[in-house]
Each structure stands twice: as C-alpha cells, then as structure tokens.
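What follows is one structure encoded as structure tokens, with my remarks underneath.
What you see is a predicted model, and the numbers here were worked out from it, not measured in a lab. Lettering of chains follows the sequences in order, A, B, ..., and the numbering in each one begins at 1.
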Amino acid sequence: MNTLSRPEIGERLASAGYIADRDLSVALSLMQMLSRPLLLEGEAGVGKTAVAYAIAAVHETELIRLQCYEGLDQSAALYEWNYQRQLLAIQARQGQDAGGVEDEVFSEKYLMERPLLAAIRQQKAPVLLIDEIDRADEEFEAFLLELLSDFQVSIPELGTITAVTIPHVVLTSNGTRELSDALRRRCLYHHIDYPDVEREARIILARIEGAGAVLALQIARMVEGIRKEELRKVPGVAETLDWAAVLVGLDIADLKDDPEAVHETLACLLKTREDKARFRREVTERLLGRVA
Amino acid sequence: MSCCGAPLTPEESSAVARLVAEKLSAFLKTLRDNGFSVGLGEGRDAAALMAAGYAEKPGLLRSALKHLFSARRSEWERFDGIFDAFWLGKRVRSRSAVSGNAGPGLKALEGGGAKGGAVSDQVPADGGEGAGGGEGRMEGASAVEALSGIDFRKLSDPADMARAHDIAADLARAMRTRLTRRDLARRRGYRIDLRRTIHGNIGHGGVPLDLVRRRRKEKPLRLVMLLDASGSMTPYTGLFLRFMHGVLDAFRESEAFLFHTRLAHVSDAMKERDAQRALDRLSMMAKGTGGGTRIGECLATFNRWHAARVIHSRTCVMIVSDGYETGDSALLAREMAALRRRCRRIAWLNPMMGWDGYAPEAAGIRAALPFVDLHAPANTLESLAALEPYLAKL
C-alpha cells in the first residue's frame with residue numbers, strides 16, 4: 001500500500017470536492033500510519049458519511065458500506081452459506097461419497113460474502129464504512145472489535161480467512177447508544193461540527209451548480225442563524241444543499257430580492273411541524289435582516 | 001519544540017529521545033488524571049507519531065494526538081486546553097476545564113459527572129468500600145442507608161447534596177443493570193425458524209437434527225417522564241433531573257419533558273451522556289420558576305402534540321410533581337383521562353407524600369389521582385430505590 005503524505009491527502013480531498021477542515025487530513029494520515037479505524041461522531045446531517053466517500057476518493061478505491069441496525073448479526077454482516085444451492089447440490093449428488101459432497105457444498109462456491117468479509121478480501125484496500133454503529137447491538141460491537149483487531153475471520157466449515165489487504169475502516173455514530181470504551185479506544189476519534197459560515201458557503205459553491213458567491217454566503221449565514229434558533233430538528237448540510245438547489249432553481253440570486261420565496265422554501269430546512277409553526281414570517285424576516 | 005541547527009551526535013539524540021519519552025509519559029499521566037482512558041497502545045502510537053515528524057509543529061502534534069487520545073466528544077473538546085497547558089505552558093485552568101462550568105443553581109453537582117472515578121471518589125469517604133468505576137454499585141447501596149431517611153429539602157450542606165446526587169445516579173445505574181438482566185432472561189425462543197434450521201442442518205444432509213428457534217421480538221417498554229420544574233418543586237428539581245438522566249438511560253426508548261407553566265421536550269438534552277452537560281443544558285430550561293404550575297394545560301399540550309408520537313401500547317408515563325395546580329383542575333382531570341386511555345401505566349411520584357400528615361387534598365392531585373396506577377412518595381433516596389421493583393415489573 002503506498003502511503004500518501006499529508007499535503008497530498010489535503011489536495012486529493014479538495015479535488016474530490018470535499019471541503020475539509022484542517023484536522024481531517026491529519027486524521028486521514030494517522031489512519032494510514034497507525035492502521036487504526038476512524039470513529040466519526042457528530043449531529044445528524046453534518047456529513048459523516050460524506051467523509052467516508054471522500055476517503056474512498058482520496059485513496060482511489062471502492063467503498064464498502066455496512067449499514068447497522070438493531071438485530072444486525074453475523075450472517076447479514078459477515079458471510080452466509082447459500083443453502084438453497086447447497087441443498088440442491090446434495091440432492092444432485094445423492095449416493096456419492098459423503099465426504100466429497102461435504103467438501104463440495106462447503107466450498108467457496110457456496111459462500112456468500114457480506115460487507116465485512118468482502119472488505120478484507122479485496123485486492124486493493126477498500127474503504128469500509130460501518131455506518132451508525134450505535135444502532136447495532138452490543139454483541140455485534142464486541143464481534144466487530146475482534147474483527148478490527150485481527151482482520152481475520154474464521155468460518156468453521158471452511159477455516160480461517162485472513163485479510164488480503166487491511167481496509168480503511170470508518171465508523172460513524174449518532175449517539176443512539178453509548179459505545180464501549182474498548183471500541184472507542186481502538187479508534188481514532190474525530191468530531192464533526194456543523195461547518196462555519198465560510199466553509200458552508202464553499203460547500204454550496206462546490207456542490208450546487210449555478211450558485212453565485214453572494215447567494216452561497218447569504219444561504220450559509222441564514223442557515224447558521226436558523227441553527228441557533230431552538231429547533232427540534234436542526235438542519236444539516238444536506239438540507240442546506242437542498243435549499244440552495246431550490247433557490248437556484250427559482251432563479252434567486254439574492255435572498256433580499258424575494259423574502260416571500262425564502263419563507264416558502266424554508267420547508268427544505270424545517271422538517272417538523274413544531275419547527276414549522278415556530279418559524280413565522282417575522283422570524284424569517286428578522287433573520288433575513290441580519291443576513292443582508 | 002523545534003530541533004533545528006546542527007545534526008545531533010548519537011548521545012545527544014538518545015538524550016533527547018529520553019527527554020521526549022519522559023515528557024510524553026508525563027502527558028499521558030496528565031490525560032489520565034483528566035479522565036481520559038489512554039492505554040499503552042496509544043502511548044506507543046504517540047511515540048511513533050512523534051518519531052515520524054509530527055512533533056515538528058505544535059499545531060500538528062496537537063491535532064494528531066487529539067485524534068489518537070480522545071474517544072468522545074467531551075474529551076475532544078477539552079483536549080486542546082490540556083495540550084496547550086502541558087506542552088506550551090499556557091495558563092489554562094486545566095482542572096476547571098475538567099469539571100466543566102456549572103450554572104450557579106446546579107453548582108453542587110460539579111464533579112459528579114459521568115466519570116465513574118469522580119463518583120466513587122466521594123462515596124467511599126463515608127461508605128467505606130473503594131471499588132472504582134462502574135463496578136462499585138454496592139457502595140451506593142451502603143451509602144443510601146446513611147442518607148436514606150433524610151428528606152431532600154433538609155439537605156442543605158453542598159457536600160451532602162453532591163452525595164445525594166451521586167447516589168441518585170448510582171441508584172439509577174444499578175436499576176439499569178438489573179432491568180437489563182431481567183430483560184435478557186425473558187428472551188426465549190418459542191417458534192421454530194425453518195430457514196435457519198434447514199441451513200444449520202445441511203451438514204446432516206438436510207435432516208433437521210438441531211432445531212433453531214425463533215426469538216420473539218419484544219416491543220421494548222418505553223418510559224416517558226414528565227418532571228414538574230415549578231417553584232414549589234425547586235428543592236427537588238436538581239436531584240430529579242439527575243435521577244431522570246440515569247433512569248432514562250436504562251430504557252432503550254425514552255422521552256423526557258419538563259413542565260411548569262409550559263411544556264418543554266428535553267429528550268435531546270437528556271441524551272447527552274455526560275450528566276454534567278445534560279444538567280447544564282437542562283438547568284436553563286428548568287428555570288421557569290416563580291410562576292405557578294399549569295399541569296392541566298401542559299398535559300393538554302402533551303396529549304395534543306407529543307402523545308401520538310411518544311406513546312405506544314407499551315409505554316409507562318411517569319409524572320414527578322407535587323400536584324399543586326394553579327390552573328383549572330377540571331382540565332387536568334380531562335387530560336389525565338385522555339392520557340390514561342393511551343398508555344399502559346401512569347405513575348405519579350410525589351415528593352410531598354413523604355411528609356408527615358400529608359394528604360392529597362390539593363385540587364390538582366385530587367383530580368389526577370383516579371387515573372394514576374401508582375402514587376408513590378419520592379422525597380428520599382429510600383423511596384426512589386423502592387420504585388425499582390415497580391419499574392422492573394412493567
């Protein structure tokens with residue numbers, strides 16, 4: 001595996017269209033150097049998953065994603081035997097040497113890879129994104145810890161499979177459940193906050209075609225103001241981008257030109273009834289006044 | 001920290017290496033003193049990082065070590081201050097950075113944050129046992145005896161208050177483990193899972209020798225807590241917030257509300273793992289004191305806007321209030337009836353109930369009582385501990 005220097009990582013992040021804060025390139029170079037997984041935490045919508053995609057772009061490799069949920073178990077995360085085919089094979093070979101049949105049905109051909117197994121069997125180290133690890137059960141977390149330290153999987157019928165390459169592992173957590181200290185300690189930790197106005201404006205410029213610098217900055221300021229209001233669901237970066245796309249689609253180049261449209265399109269940002277009710281026209285106007 | 005100039009002789013560089021190693025291990029100790037859990041592996045990696053050129057610029061080293069050593073948000077945020085104080089000699093109050101800055105109202109809670117170490121530091125002074133961290137649950141129980149009979153109002157000494165808060169947190173933690181254990185023991189399979197059975201028995205040529213049973217997916221019990229934060233409840237509010245924070249942790253699904261003259265949804269603040277930070281956030285919202293309590297109106301708001309979302313068939317609603325209603329008690333009765341229809345259980349914890357000669361005669365509580373499954377006192381730690389069997393049975 002060729003290692004990238006820190007400035008290189010920064011450049012590649014930028015060319016991948018990810019507007020990173022300074023710390024992130026340090027985190028990525030540490031990941032490479034220490035072969036530790038990276039644990040990303042932050043509010044929903046700050047772009048945790050986007051980081052994993054950016055890392056995949058930096059290393060020019062593919063991304064394998066494991067979405068965690070309550071009840072996720074090994075057979076959905078690691079491997080599963082294709083037992084329908086196994087049964088067929090057994091029936092087709094009825095009367096033959098039992099040992100031979102067994103070897104046959106427990107061979108690679110009947111093994112179905114799930115994300116974790118797939119990730120350690122790639123020729124080029126992929127990025128393994130374990131998304132929302134806090135949703136999985138504690139048992140799964142313990143199992144994952146073992147996998148992340150040994151990078152080998154033992155399948156009773158087949159033997160031990162050792163990693164061909166060590167993937168770049170990224171875990172994200174939303175804080176649904178507290179993660180174990182052991183897992184936290186194994187990982188590098190990076191906390192992502194909502195981007196500041198300047199960075200958010202740059203993100204809008206990079207992602208939304210046709211957005212002017214003035215509009216991007218206004219949107220970023222406006223969103224920053226909205227985040228400071230007491231809302232039940234604070235809008236994330238994805239919502240900001242939606243809103244920017246809508247405004248660009250409506251041919252608005254300056255928020256002051258059309259306060260009416262601004263208020264009406266706030267639906268992109270406010271996702272609960274209470275928030276919607278709270279955000280009366282006066283509130284929008286007050287925020288707009290501050291932005292302008 | 002820059003090592004420029006003439007190249008070093010081997011003796012010099014080994015001396016430098018020793019100095020750096022000593023300094024690094026002192027830094028690790030500082031971090032551990034500040035509640036970071038840093039192992040040997042991290043220390044080794046840090047040394048490797050410094051050798052690899054990360055020590056050239058303080059900013060770079062700080063960022064690198066921050067990723068390596070911090071493991072949660074609170075640590076992430078405190079790290080820079082500790083680093084600067086240690087390596088750059090800036091006058092940062094590292095100790096006060098640790099205990100956080102509590103609002104004046106909740107000063108007594110300081111130091112009793114989520115860190116187990118801080119909790120057990122205080123309790124053994126009286127309790128005797130010195131088991132540390134999350135294992136020391138029994139010490140809470142022994143200290144409970146010393147404090148158990150004292151009404152929360154009569155705890156005036158800040159140290160006593162702090163201890164009571166710690167015990168409330170311990171109690172909540174103990175309940176959590178008990179509840180979880182019971183929950184696990186109940187999970188037994190009852191139906192055969194054909195898919196997995198066939199799959200598991202391929203080795204036997206498809207003859208189902210080992211049966212695989214399907215586990216029932218239980219709808220988890222949800223706990224909704226409504227805490228009265230009005231003026232008359234002031235002596236109890238801080239403690240109940242702490243208790244609430246601990247107990248809510250026990251339930252996979254839980255929601256928390258505060259009310260005085262209006263209702264506030266505080267689940268998000270409660271989800272803050274660090275009890276100190278959660279309380280900081282809440283103490284702001286809890287400051288609705290002075291005015292009266294409009295329980296009825298708050299319940300109406302709850303029923304109208306939140307109930308459909310937060311209540312399902314297996315929900316227990318726990319109301320902590322003294323029942324002094326300044327609004328319309330007929331409205332309270334109506335809303336209680338509506339709530340009753342929706343949820344499985346309503347428990348009403350009343351701090352006044354433990355007082356001598358108290359009878360539920362206030363109009364508010366009289367209106368509400370017919371709809372309540374459990375009306376229990378909650379003015380001492382003993383009474384809080386007595387709730388556990390009830391919660392476990394739900």
>> Can you tell me which portion of A:Glu157 sits under 4.5 Å from chain B's heavy atoms? Options are side chain, backbone, both or neither.
In response: neither
> Top residue by heavy-atom pair count (under 4.5 Å) with chain B, among A:Arg186, A:Gln94, A:Glu102, A:Met33?
Replying inline: A:Met33
> Quick one: of B:Ser37, B:Ala52, B:Gly59, who has the most non-hydrogen atom pairs under 4.5 Å with chain A?
Replying inline: B:Ser37
> Out of A:Glu80, A:Gln84, A:Gln91, which one racks up the most heavy-atom pairs below 4.5 Å with chain B?
Replying inline: A:Glu80
>> Within the 4.5 Å heavy-atom criterion, are A:Asp23 and B:Lys66 side-chain neighbours or not?
In response: yes
>> Please check if the number of heavy atoms outside A:Lys276 that lie under 6.0 Å from its NZ is greater than 12.
In response: yes
> Measuring from B:Ser63:OG to A:Arg6:CZ, what's the distance to the nearest 0.5 Å?
Replying inline: 8.5 Å
> Would a 4.5 Å heavy-atom cut-off, applied to side chains only, mark B:Glu75 and A:Tyr189 as touching?
Replying inline: no
> To the nearest 0.5 Å, how far apart are OG in A:Ser29 and NE2 in B:His67?
Replying inline: 9.0 Å
> To the nearest 0.5 Å, what is the distance between CG (B:Leu65) and CG (A:Leu188)?
Replying inline: 11.0 Å
> Can you check whether B:His199 reaches A:Leu87 side chain to side chain, under 4.5 Å on heavy atoms?
Replying inline: no
>> Side chains of A:Arg36 and B:Glu42, heavy atoms from C-beta outward: is any pair under 4.5 Å?
In response: yes
> Are A:Leu34 and B:Leu68 side-chain neighbours, meaning at least one heavy-atom pair lies under 4.5 Å?
Replying inline: yes
>> Keeping A:Tyr83 on the side-chain end and B:Asn201 on the backbone end, is there a donor-acceptor pair under 3.5 Å?
In response: no
> Listed by chain and number, what are the side chain to side chain contact (heavy atoms under 4.5 Å, CB included) partners of A:Arg280, not counting sequence neighbours?
Replying inline: A:Glu282
>> Restricting to side chain to side chain donor-acceptor pair (under 3.5 Å), what partner residues turn up for B:Glu255, sequence neighbours left out?
In response: B:His265, B:Ser267
> So which part of B:Tyr54 gets closer than 4.5 Å to some heavy atom of chain A, the side chain, the backbone, both or neither?
Replying inline: side chain
> Between atom OG of A:Ser173 and atom CZ of B:Arg73, what is the distance when rounded to the nearest 0.5 Å?
Replying inline: 12.0 Å
